[in-house]
Amino acid sequence: KQWYQRESTGSSPIAEKYGHLWGTTTSDPEQKQLCRNYKLGVYKFNKRPSQGVKHLTTTAVVDNTPYDIAAFLLNGKGLSLSQIGNFITDLRKPLSMAVLEEFMKQIDFTALPFEQALRHFISKLRLPGEAQKIDRLMEAFAERYCDCNPNTISEAQDTIYVLAFSVIILQTDLHNPQIKLHRKMDLESFIQNNRGIDNGNDLDRNLLEAIYEGVKREPIISGRDHLDFLESIDKSIIGKKINLMDPWRMLMMSTQMHEVHNRNEKLLPEKHVRNIFLFNDLLVITKQVQVRGKATTKTTKERVISTCSFQYRQHFMICSFKAESWSSQFYPYGVRLLDSYDDRLLIEMSAYSEDDRTAFLTELAEVTWVYRALENDRIGSLGVADKLGQSTLSLHSFNSDTDGGRRHTHTLGRRFFKSNIFKTPKRDTLGPSSSLFYTKGISSTDVRSSPDQESEST
């Protein structure tokens, strides 16, 4: 179901462990809770790396050692490569520096040419925007490359460091579209920039020529993560839609269903087909409108996305609705979405089979649980007191007229609990075009202990 899962760096037990945790669907309560904590930690890491690592180590998903944290960054599924680069280059935190050291030790550059080794290293992360952080990464790369390949290019580690930084500058210069063609760095300029870097001596010209031609022919790029695939989905959906490019947003599932307008009328197979994208914070419903042309991507699922256009229909934020199953004479595998606030019917759909319906409801239940846990942690970090038992309240306003479908979350302070807004709830409390969503959160202890029973509705 994860179309953009990262390739494991090996067949080690740690790599298998994290790959297993991400895609596991089990009925065992302990294993299920472990998978939930893993996903919750990944979402937190993609938003704030330090909080994600803290959650994963606290819940015993990852051992609280630099070695295990580095192994998680190299083998974990769903991690943002940009956040990996930001975390291991945080010079203010000793833990990040220790993790960077272990991170480099777990990458093997033995017998790799310089250019290939640098490509392999950058594929594990995305270079930060700050020059100071890039400098720290190139310094760590030079140290590890010299350990794996002593005296291959030079005896001095500083020589490898300067050459690596020079190649990054060359990459930016050659493949930046904002730099005009006549101003791009040529071979002689690149050789001139690296003159005398080996303790006053020049490096082999053939080595520099091979590096220049290799970078010119093929850019040095980072590996693919969920943001790359998210961008392809965002470009494929046309119309007035919500912006999907959020660093912590991830696609969890995609499926097709029929939108049902009349239960007593049977639809033709090609009528009212809806493509549904379930993310970790919202549900987007679209309609496929056309096929563009020949696909250029590699994987089958990404080929479907890249060759199709989807007309945006509507979207619903997770926890603003609940899902129920239903059936009729013509639609035995029905799913309805109801407003969490007043049980108003939002949409009725029909799956193609019982397996499709069960898979959708199961994945939606998991996404809802994790999202509520995130909301509970977010509100708890703001110091909002719970005045209504062991639950947390959050108020979401969805104004389709003014904000184009963006959600605004308002923290309910003490003065809001005493207001009349919950005594006589009205849909137009926030305005004629707004909706109120009442979300009952979960206590902080629920993050580690999954409820034994789950209701039929999601």
Side-chain angles (χ1 to χ4, degrees), residues 7 9-10 74 81-82 84-85 88-89 91 97 100-224 228 296 298:
E7 294 287 341
T9 56
L74 283 169
L81 298 183
S82 298
I84 293 177
I88 63 178
T89 56
L91 304 177
M97 295 294 96
L100 174 59
E101 183 178 355
E102 294 295 336
F103 186 90
M104 299 305 303
K105 288 181 180 179
Q106 297 181 34
I107 303 178
D108 188 12
F109 298 132
T110 304
L112 288 179
F114 177 82
E115 179 193 347
Q116 187 176 348
L118 185 59
R119 290 180 185 274
H120 180 60
F121 169 59
I122 295 181
S123 68
K124 305 298 181 183
L125 47 81
R126 189 159 293 163
L127 294 178
E130 301 179 21
Q132 186 178 12
K133 293 184 175 182
I134 298 177
D135 180 84
R136 183 68 188 94
L137 286 175
M138 294 302 103
E139 183 180 352
F141 167 77
E143 180 180 357
R144 179 59 178 166
Y145 186 81
C146 289
D147 292 340
C148 296
N149 304 279
N151 302 327
T152 301
I153 297 179
S154 172
E155 298 179 357
Q157 177 181 323
D158 290 343
T159 302
I160 306 299
Y161 159 72
V162 174
L163 180 60
F165 211 104
S166 177
V167 172
I168 296 301
I169 297 175
L170 174 66
Q171 151 74 20
T172 304
D173 190 273
L174 291 180
H175 300 285
N176 188 347
Q178 297 181 355
I179 299 179
K180 296 181 179 180
L181 185 61
H182 67 278
R183 298 183 63 89
K184 292 185 180 295
M185 188 183 304
D186 55 16
L187 175 60
E188 293 302 325
S189 298
F190 177 68
I191 295 177
Q192 179 66 30
N193 291 341
N194 292 280
R195 189 158 305 216
I197 64 174
D198 187 16
N199 293 328
N201 301 318
D202 296 340
L203 293 176
D204 184 17
R205 181 182 178 90
N206 294 331
L207 170 67
L208 297 179
E209 290 180 355
I211 293 176
Y212 180 87
E213 295 299 331
V215 175
K216 182 179 180 180
R217 180 175 58 255
E218 182 181 358
I220 301 176
I221 58 177
S222 303
R224 290 172 58 82
D228 295 301
T296 57
K298 297 181 180 179

Please list, chain by chain and in numerical order, all residues satisfying salt bridge (charged side-chain N to carboxylate O under 4.0 Å, His left out) with Glu218, sequence neighbours excluded.
none

State which residues pass side-chain hydrogen bond (donor to acceptor under 3.5 Å, both in side chains) with Glu209; sequence neighbours excluded, sorted by chain then number.
Arg205

Please enumerate all residues that pass salt bridge (charged side-chain N to carboxylate O under 4.0 Å, His left out) together with Arg126, with sequence neighbours excluded.
Asp225, Asp228

Can you tell me how far OG1 of Thr110 sits from CZ of Arg144, rounded to the nearest 0.5 angstrom?
6.5 Å

Identify, with sequence neighbours excluded, every residue that meets side-chain contact (heavy atoms from CB on, under 4.5 Å) alongside Gln157.
Ala142, Glu143, Cys146

Within the structure provided, determine whether Asp108 and Cys148 are in side-chain contact (heavy-atom separation under 4.5 Å).
yes

Sequence neighbours excluded, which residues qualify as side-chain contact (heavy atoms from CB on, under 4.5 Å) partners of Asp158?
none

From Ile153 atom CD1 to Asp204 atom CG, the distance as rounded to the nearest 0.5 Å
10.0 Å

Does a sphere of radius 6.0 Å around CG in Leu187 hold more than 12 heavy atoms from other residues, nucleotides or ligands, not counting ones at 6.0 Å or beyond?
yes

So which atom in Pro128 and which in Gly85 form the shortest heavy-atom distance, rounded to 0.1 Å?
CG-O, 3.8 Å

Side chain to side chain, Ile122 and Leu137, heavy atoms closer than 4.5 Å
no

Does Thr89 have any side-chain hydrogen bond (donor to acceptor under 3.5 Å, both in side chains) partners at least two apart in sequence or in another chain, and if so, which?
none

Spacing of CD belonging to Gln171 relative to CD1 belonging to Ile169, to within rounding of 0.5 Å
12.0 Å

Checking side chain to side chain donor-acceptor pair (under 3.5 Å) against Thr159, which of Asn199, Asp198, Asn194 comes through?
Asp198

Residues forming a side-chain hydrogen bond (donor to acceptor under 3.5 Å, both in side chains) with Arg119, sequence neighbours excluded
Glu115

Drop me the distance from Arg136's CZ to Leu91's CG, to the nearest 0.5 angstrom.
7.5 Å

Residue set satisfying side-chain contact (heavy atoms from CB on, under 4.5 Å) with Gln116, at least two apart, ordered chain then number -> Leu112, Pro113

Run the side-chain contact (heavy atoms from CB on, under 4.5 Å) check on Leu208 and Asp202 step by step: do they pass?
CA-CA 10 Å; Leu208 297 179; Asp202 296 340; over 6 Å; no

Within the supplied structure, the quantity of interest is the number of heavy atoms (other residues, nucleotides, ligands) at a distance under 6.0 Å from Lys133 NZ; does it exceed 12?
yes

Throw together a table of side-chain donor-acceptor distances under 3.5 angstrom for residues 175-184, partners on residues two or more places apart or in other chains.
unit_1 : atom_1 : unit_2 : atom_2 : d
His175 : NE2    : Val215 : O      : 2.7
Asn176 : OD1    : Gln178 : N      : 3.1
Lys184 : NZ     : Asp173 : O      : 3.3
Lys184 : NZ     : Leu174 : O      : 3.2
Lys184 : NZ     : Asn176 : O      : 3.1
Lys184 : NZ     : Ile179 : O      : 3.3

Measure the NZ-CD1 distance between Lys124 and Ile88 for me, rounded to the nearest 0.5 Å.
12.0 Å

Please round to the nearest 0.5 Å and tell me the distance separating atom CG of Asn193 and atom CG of Leu170.
9.0 Å

The criterion is ring-ring contact (aromatic ring centres under 6.0 Å, His included); which residues satisfy it with Phe121, sequence neighbours excluded?
Phe141

Sorted by chain and number, sequence neighbours left out, side-chain contact (heavy atoms from CB on, under 4.5 Å) with Asn149 holds for Phe109, Tyr145, Thr152

Going through the checks in order, is the side-chain contact (heavy atoms from CB on, under 4.5 Å) test met by Ile84 and Leu81?
CA-CA 5 Å; Ile84 293 177; Leu81 298 183; 4.1 Å; yes

With Asp186 via side-chain hydrogen bond (donor to acceptor under 3.5 Å, both in side chains) - residues at least two apart:
Ser189

Donor-acceptor check, side chain of Ser123 to backbone of Gly223, threshold 3.5 angstrom: yes or no?
no

